[in-house]
Enquirer: 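Mind looking over this structure? Questions follow.
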Amino acid sequence: MNGDTAAQTPTGTDHPAQGGVGVPVLTDQPSPAVPGPRAAGADGPAPRPAWLHRLARYGYTAPRAATLAERLAPPMPDGPRVTPARVAPSPLLLRLGVPVPQGLWSWLCRWAGWIGPLAVALFAGALRFSGLGQPDAIIFDETYYAKDAYALWHGGYEISWPEGANEQIMAADGAVPYRPEASYVVHPPVGKWIIGAGEQLFGMNPFGWRFAVALLGTLSVLMVARIARRLFRSTLLGCVAGLLLAVDGLHFVLSRSALLDLVVMFWILAAFGFLLLDRDRTRARIAERLGGVADAAAAQRLNLGWRPYRIAAGVCVGLTCATKWSGLYVAAAFGLMTVLWDAGARRLAGAGRPYLGTLVRDAVPAFVSIVVVSAVVYVTSWWGWFASSNLPGRGGYGRDWAVGRSTDYPWIPEGLRALWHYHSTVYDFHTHLSDPHTYQSNPWSWLVLGRPVSFFYESPKQGQAGCTASECAREVLGIGTPLLWWAGVVALAYCLWRWAARRDWRAGAVLCGLAAGYLPWFAYQQRTIFLFYAVAFVPFVVLAVTMLVGALIGPAGAGRDRRIIGSTAAGLLVLLIVWNFLFFYPLYTGETIPMEDWRRRMWFDSWI
């Protein structure tokens, strides 16, 4: 995760050392033109080796050695402080005869890092909000979370709904049979508060309870585009990542369903993005404090100071945990990742014992920023339950448990003791949930989409629900875009190689995000679990595929034929993934199609 020796290796980005054009080669190792780092205070230029003089006779020019600041935090590809005020016209547009005014062209280049991701996000939003109220029904686990969300906004805690509540809610009059009887629930409240916000705006109907989740799904596309741009230092690859997430079937379906898992994914991605911002900001500050010169003693004792982005990441981790408990693994993984990043920064700055310096100066602040902050956010998220009455039968479930009960810890408020007891029963529920389900699956099969989940299914006959054949099917199938996920398996293997063999920190970061959302489920294989839980790590599968796309494009220094072939292969892969999404689109949206068309999309028996 902290392998800085390969921080600028070829992956098809906007810098030559990363596969792009227009910026000098930047590496974390000394350039051939500079035999090694000069001791602090040394005077005069480093001597050039004789072999470089001999190569120069044949036209060889050594790449410029990167400065310490560039090695710690490579420059972004574009932006107000990076792109010059006047940018040369595009040779491609000139060849095509497309005139673009100089001022407009320079402005577009300067703000491309926002314009491109925003365009992709608008495309994703159009897909997600189009027909959001369809199917006009309570699908799959919306039967729990849509109603729990309504109860939270109206009473502060989840309630027990009467028989036939779904039918009354979906009736033409829209009456909601609310009653203040507490219900036992096993997930924290944040995701349901978010779902309920849409219900408050648009009513207790399918569009209302899906609105907020669709909004988060759209924003996550923008986030992953900006994250990929920062991770790979390429606006092009950032837009590719956003497009791939926009056309992933599982992300698309969960963005249009009032379930908690898309909310979990959103907060994980937000935490990852804040940690990336913290990494760049901290490394830039290290370079500034050292004056651009590696200094072993100063790097060892350097105090990295106030880090607001890491605290923001802790808040997001807390919101992840306050949506589903799977966020606990994210706290551990991301906390370790940010500490390793700090150790890598100290080592690059010249520290002789970077891990000791990190342990002494960075580990405790990281623990507070990630773990303590997230714990405070988590407990605070239960404010509605705390605010409810502790009289028997008058407040949230278990709110009255500690009232009048003897304890060895009288100094702990009774509300916290009641919450602790409640959580112990919830933990027991989660670890022993083993009721068989038609659509349950083993995590070993998730990456290859072994067993998707049918959220909604109908078999209308001719003349019903728009059916024009003798028999039709109408389904919302929770499955990723197959070609994207299968390419993701190859891309993850590539990332493992990049991380293990080339010490590429970017590959390590992607793998860390994937591991935090995926590997914990292997410890609960006896539990009833489903493929749609995998949406939590879909952005990291997308980032892995994006890194593979960059590798296909190739480094900027490669020959013209290599770049053309690589770019063609990368473009073909992206186009095939988009086509695959469009092919399965009717199954993602509940569109009525002839039964024969439905069968053509059931590529494996396990998908039925």
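Everything numeric here is computed off the predicted structure, so don't read it as measured data. Quick note: numbers below take in every heavy atom, side chains included, and nothing from hydrogens, waters or symmetry partners.
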Enquirer: What distance separates S220 OG from I268 CD1, expressed to the nearest 0.5 Å?
Expert: 12.0 Å
Enquirer: Working to the nearest 0.5 Å, report the span between CG of L269 and CE of M223.
Expert: 4.0 Å
Enquirer: Could you go through the salt bridge (Lys or Arg N to Asp or Glu O under 4.0 Å) check for D504 and R506 one step at a time?
Expert: CA-CA 5 Å; D504 192 326; R506 298 164 301 175; 2.8 Å; yes
Enquirer: If you look at every heavy atom in S606 and G450, which pair is closest and at what distance?
Expert: OG-O, 2.5 Å
Enquirer: Please report the interatomic distance OG1(T235) to CD1(I115), rounded to the nearest 0.5 Å.
Expert: 10.0 Å
Enquirer: Within the structure provided, determine whether V453 and Y533 are in side-chain contact (heavy-atom separation under 4.5 Å).
Expert: no
Enquirer: Check the orientation of F140 and F532. Use parallel for under 30°, tilted for 30 to 60°, and perpendicular for over 60°.
Expert: perpendicular
Enquirer: Determine the minimum heavy-atom distance between V542 and A241, stating which atoms define it.
Expert: CG1-O, 3.3 Å
Enquirer: Could you tell me which residues satisfy side-chain contact (heavy atoms from CB on, under 4.5 Å) with A69, sequence neighbours excluded, listed by chain and number?
Expert: T67, A287
Enquirer: State, to 0.1 Å, how close V253 and L477 come at their nearest heavy-atom pair, and which atoms those are.
Expert: CG2-O, 3.5 Å
Enquirer: Once rounded to the nearest 0.5 Å, what's the spacing between atom CG of L543 and atom CG of L514?
Expert: 10.5 Å
Enquirer: Any non-hydrogen side-chain atom of V549 less than 4.5 Å from a side-chain atom of L573?
Expert: yes
Enquirer: I'd like to check the side-chain contact (heavy atoms from CB on, under 4.5 Å) partners of F581; sequence neighbours left out, ordered by chain and number.
Expert: L127, V247, F252, T481, Y585, Y588
Enquirer: Identify, with sequence neighbours excluded, every residue that meets side-chain contact (heavy atoms from CB on, under 4.5 Å) alongside D597.
Expert: I593, P594, R600, R601
Enquirer: Enumerate donor-acceptor pairs with a distance under 3.5 Å from any side-chain N or O in residues 80-102 to protein atoms, sequence neighbours excluded.
Expert:
{"residue": "T83", "atom": "OG1", "partner": "G79", "partner atom": "N", "Å": "3.0"}
{"residue": "T83", "atom": "OG1", "partner": "G79", "partner atom": "O", "Å": "3.4"}
{"residue": "S90", "atom": "OG", "partner": "L92", "partner atom": "N", "Å": "3.3"}
{"residue": "S90", "atom": "OG", "partner": "L93", "partner atom": "N", "Å": "3.3"}
{"residue": "Q102", "atom": "NE2", "partner": "V87", "partner atom": "O", "Å": "2.6"}
{"residue": "Q102", "atom": "NE2", "partner": "S106", "partner atom": "OG", "Å": "2.9"}

Enquirer: Walk me through it: do Q134 and T589 pass the test side-chain contact (heavy atoms from CB on, under 4.5 Å)?
Expert: CA-CA 7 Å; Q134 297 297 322; T589 58; over 6 Å; no
Enquirer: Is the positively charged end of R451 above the ring of W446, judged by distance under 6.0 angstrom from the centroid and angle within 45° of the axis?
Expert: no
Enquirer: Given side chains that start at C-beta, do those of Y518 and L447 come closer than 4.5 Å, heavy atoms only?
Expert: yes
Enquirer: Please report the shortest heavy-atom distance between G480 and L449, naming the atom on each side.
Expert: O-CD1, 3.4 Å
Enquirer: So, using ring-ring contact (aromatic ring centres under 6.0 Å, His included) as the criterion, who are the partners of W486 when residues are at least two apart?
Expert: none
Enquirer: So, do W598 and L587 sit near enough that their side-chain heavy atoms are less than 4.5 Å apart?
Expert: yes
Enquirer: Considering residues at least two apart in sequence or located in another chain, which fulfil the salt bridge (Lys or Arg N to Asp or Glu O under 4.0 Å) criterion with R474?
Expert: E458
Enquirer: Are R229 and D78 close enough, and set up right, to give a salt bridge (Lys or Arg N to Asp or Glu O under 4.0 Å), and what steps lead you there?
Expert: CA-CA 10 Å; R229 175 180 175 271; D78 48 49; 2.6 Å; yes
Enquirer: Which heavy atom in P520 sits nearest to a heavy atom in A515, and how many Å separate them?
Expert: CD-O, 3.2 Å
Enquirer: What residues form a side-chain contact (heavy atoms from CB on, under 4.5 Å) with L548, not counting sequence neighbours?
Expert: V490, A491, Y494
Enquirer: Which residue pairs satisfy the salt bridge (Lys or Arg N to Asp or Glu O under 4.0 Å) criterion with at least one member in residues 326-345, sequence neighbours excluded?
Expert: R307-D342, R310-D342
Enquirer: Are Y439 and P452 close enough that some pair of their side-chain heavy atoms sits under 4.5 Å apart?
Expert: no
Enquirer: Just verifying a value: how many Å separate L492 CG and W499 CH2, rounded to the nearest 0.5 Å?
Expert: 13.0 Å
Enquirer: Output, in order, the C-alpha distance, side-chain angles, deciding distance and verdict of salt bridge (Lys or Arg N to Asp or Glu O under 4.0 Å) for R283 and D278.
Expert: CA-CA 8 Å; R283 287 174 161 235; D278 173 73; over 6 Å; no
Enquirer: Less than 3.5 Å apart, any donor N or O on the side chain of E475 or S454 sitting next to an acceptor on the other?
Expert: yes
Enquirer: Please step through side-chain contact (heavy atoms from CB on, under 4.5 Å) for the pair V339 and T358, ending with a clear verdict.
Expert: CA-CA 7 Å; V339 169; T358 299; 3.5 Å; yes
Enquirer: Decide side-chain contact (heavy atoms from CB on, under 4.5 Å) for L244 and I577; before the verdict, give the C-alpha distance in whole Å, the side-chain angles of both, and the deciding distance to 0.1 Å.
Expert: CA-CA 8 Å; L244 292 178; I577 290 170; 3.9 Å; yes
Enquirer: I'd like to check V221 versus H251 (side-chain heavy atoms, cut-off strictly below 4.5 Å). Are they in contact?
Expert: yes
Enquirer: With sequence neighbours left out, what residues match R346 under salt bridge (Lys or Arg N to Asp or Glu O under 4.0 Å)?
Expert: D362
Enquirer: Would you say L250 and W485 make side-chain contact, with heavy atoms under 4.5 Å?
Expert: yes
Enquirer: Tell me the salt bridge (Lys or Arg N to Asp or Glu O under 4.0 Å) pairs involving residues 260-277, sequence neighbours left out?
Expert: D261-K324
Enquirer: Would a distance-only check, ignoring hydrogens and angles, find a side-chain to backbone donor-acceptor pair under 3.5 Å from T338 to F334?
Expert: no
Enquirer: Residues in salt bridge (Lys or Arg N to Asp or Glu O under 4.0 Å) with D248, at least two apart?
Expert: none
Enquirer: Heavy atoms, side chains only, cut-off 4.5 Å: are L275 and W341 in contact?
Expert: yes
Enquirer: Holding to salt bridge (Lys or Arg N to Asp or Glu O under 4.0 Å), I want the full list of residues that pass it with R256, two or more places apart in sequence or in another chain.
Expert: none
Enquirer: Determine the interplanar angle of the W444 and F522 rings, folded into 0 to 90°, and report it as parallel if under 30°, tilted if 30 to 60°, perpendicular if over 60°.
Expert: perpendicular
Enquirer: In terms of ring plane angle, is the pair W603 and W607 parallel, tilted or perpendicular, where the classes change at 30° and 60°?
Expert: parallel
Enquirer: Examine F129 together with F211 and report whether their ring centres are nearer than 6.0 Å.
Expert: yes
Enquirer: Quick check for you: to the nearest 0.5 Å, what is the distance between R279 atom CZ and L231 atom CG?
Expert: 9.0 Å
Enquirer: Run the numbers on S441 and I529 for side-chain contact (heavy atoms from CB on, under 4.5 Å), then give the verdict.
Expert: CA-CA 6 Å; S441 60; I529 53 180; 5.6 Å; no
Enquirer: If every non-hydrogen atom of S255 is compared with every non-hydrogen atom of R128, which pair is closest and at what distance?
Expert: OG-NE, 3.4 Å
